[in-house]
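Remarks on the structure that follows.
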2 protein chains.
Amino acid sequence: MPVLESTSSRINDVDLDDPAIKRSAQLTKALGHPVRLTILKLLIQRDTCFCGDFTDVLPLAQSTVSQHLKVLKNTGLITFTSSGVRNCYCLNPEGIDALSECLKSLTDMFEKTDRPDCC
Amino acid sequence: MPVLESTSSRINDVDLDDPAIKRSAQLTKALGHPVRLTILKLLIQRDTCFCGDFTDVLPLAQSTVSQHLKVLKNTGLITFTSSGVRNCYCLNPEGIDALSECLKSLTDMFEKTDRPDCC
DNA sequence: ATATTCCATCGTATTTTAACGATTAATAAT
DNA sequence: ATTATTAATCGTTAAAATACGATGGAATAT
């Protein structure tokens, strides 16, 4: 078996498990759905908080909205607080900060305009 | 178009088909995978261009890489040019501009820190 | 002409996402 | 105590995403 094709990772290989890449992918993936983008927008614009606030306004079943909220929660973008019969979802400052950093970092990355055309 | 300024048909209704929301979701979704993020990074960092440049470096089958390139192409982020036996993929200036605008708009949206805590 | 290289596409399998209705647990109201 | 409300979770279904190997077409090399 040729040495170059051995199981050991090669020098020039890319590490897809790079934490920064993985986190950026996770964050952008969480944004990558109209419903989740809308929920975040509502959380910023209005004093919406409860699951019902979103189901009132979104053309989706309550369970579906709940599922999207879970995704945002698992990504760290929103927090969950059980306040009585209603459960309150708020923007999570740490998560939002991380997201802002991520978005800015990506913006910087894509704004390098001094690249010559390769083709 | 800034995400925050998108229109909705009724005051209390949300339009999930809003073009700005849909486009932002599409763009962020395209970024939402480690492989695609890596491909874009390679396109920016180096003079990589050909499909083989990516397959050399990514621990994935050629057909899988090709599939991810297709997603980026369909999202408008890269262009495809058949240059002989090799096919060249480059960053698409229009798409990248749109992405930058989108990312900046999202950054602005999430950076509104004058929101009071709701809970 | 033949062989080789590159890589898009096809077919397929597996996993994940997205959506729904039904159920259930908890609280609040009567 | 009983009923109503809220919303998470469960179970299911359908669709999309992800990955792979195989195939084939086009350009190049021999």
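We use all heavy atoms of the structure for the numbers below, so side chains are in, but hydrogens, waters and symmetry mates are not.
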Does [X] reach the main-chain N or O of [Y] with its side chain, forming a donor-acceptor pair under 3.5 Å?
| X | Y | answer |
| --- | --- | --- |
| B:Asn92 | B:Thr79 | no |
| A:Ser105 | A:Glu101 | no |
| A:Thr75 | A:Val71 | yes |

Residues touching DNA chain D, which here means a heavy atom under 4.0 Å, drawn from residues 63-71 of chain B: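 Result for residues 63-71 of chain B: B:Ser63, B:Thr64, B:Gln67, B:His68, sorted by number.
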Contact residues, residues 26-37 of chain B to DNA chain D [heavy atom, < 4.0 Å]: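 Heavy-atom contacts with DNA chain D come from B:Lys29, B:His33, B:Arg36.
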Nearest heavy-atom neighbours spanning B:Asn74 and B:Gln26: O-NE2, 4.2 Å
Rounded interatomic separation in angstrom, taking CZ from B:Phe80 and C1' from C:dC7: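 Interatomic distance, CZ of B:Phe80 to C1' of C:dC7: 9 Å.
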Spacing between B:Leu72 atom CG and C:dC7 atom P, to the nearest angstrom: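 The distance from CG of B:Leu72 to P of C:dC7 comes to 16 Å, rounded to the nearest Å.
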Side chain to side chain contact (heavy atoms under 4.5 Å, CB included) assessment of B:Leu27 paired with B:Leu103: CA-CA 9 Å; B:Leu27 285 168; B:Leu103 292 173; over 6 Å; no
Test item: A:Leu40 and A:Leu31 side chains (from C-beta on) under 4.5 Å apart, heavy atoms: yes
A:Lys73 or B:Ala61, whichever maps to the more 5' nucleotide of DNA chain D: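 In this pair, the answer is A:Lys73.
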Nucleotide of C:dC6, C:dC20, C:dA8 approaching B:Arg86 most closely (side-chain heavy atoms): C:dC6
Residues B:Phe54, B:Leu43; criterion side chain to side chain contact (heavy atoms under 4.5 Å, CB included); working and verdict: CA-CA 9 Å; B:Phe54 308 113; B:Leu43 279 171; 3.8 Å; yes
Step-by-step side chain to side chain contact (heavy atoms under 4.5 Å, CB included) determination, B:Leu106 to B:Thr28: CA-CA 10 Å; B:Leu106 288 169; B:Thr28 50; 3.8 Å; yes
Start and end of chain B contact along DNA chain D [non-hydrogen atoms, under 4.0 Å]: D:dA17 to D:dT28
Interatomic spacing from NZ in A:Lys41 to OG in B:Ser24 - rounded to 0.5 Å: 9.5 Å
Distance (rounded to the nearest 0.5 Å) between B:Leu37 CG and A:Ile21 CD1: 5.0 Å
Dot-bracket summary - DNA chain D, pairs being Watson-Crick or G-U whose distances fall under 3.5 Å, with | when paired to another strand: ||||||||||||||||||||||||||||||
Within 6.0 angstrom of B:Lys22 NZ, more than 12 heavy atoms from elsewhere: no
Phosphate-side-chain proximity, B:Tyr89 and C:dC6, N/O vs OP1/OP2 below 4.0 Å: no
Heavy-atom protein contacts under 4.0 Å, nucleotides 25-30 of chain C, coded B base, S sugar-phosphate only, - none: --BS--
Set of side-chain hydrogen bond (donor to acceptor under 3.5 Å, both in side chains) partners for A:His33, sequence neighbours left out: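 Once residues adjacent in sequence are excluded, A:His33 has no partner under the side-chain hydrogen bond (donor to acceptor under 3.5 Å, both in side chains) criterion.
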Separation of SG atoms, B:Cys49 and B:Cys90, below 2.5 Å: no
Stepwise side chain to side chain contact (heavy atoms under 4.5 Å, CB included) test for A:Asp53 and A:Leu42: CA-CA 9 Å; A:Asp53 293 334; A:Leu42 288 170; over 6 Å; no
B:Lys104 with A:Glu111: basic N within carboxylate O range, under 4.0 Å: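 Salt bridge: yes.
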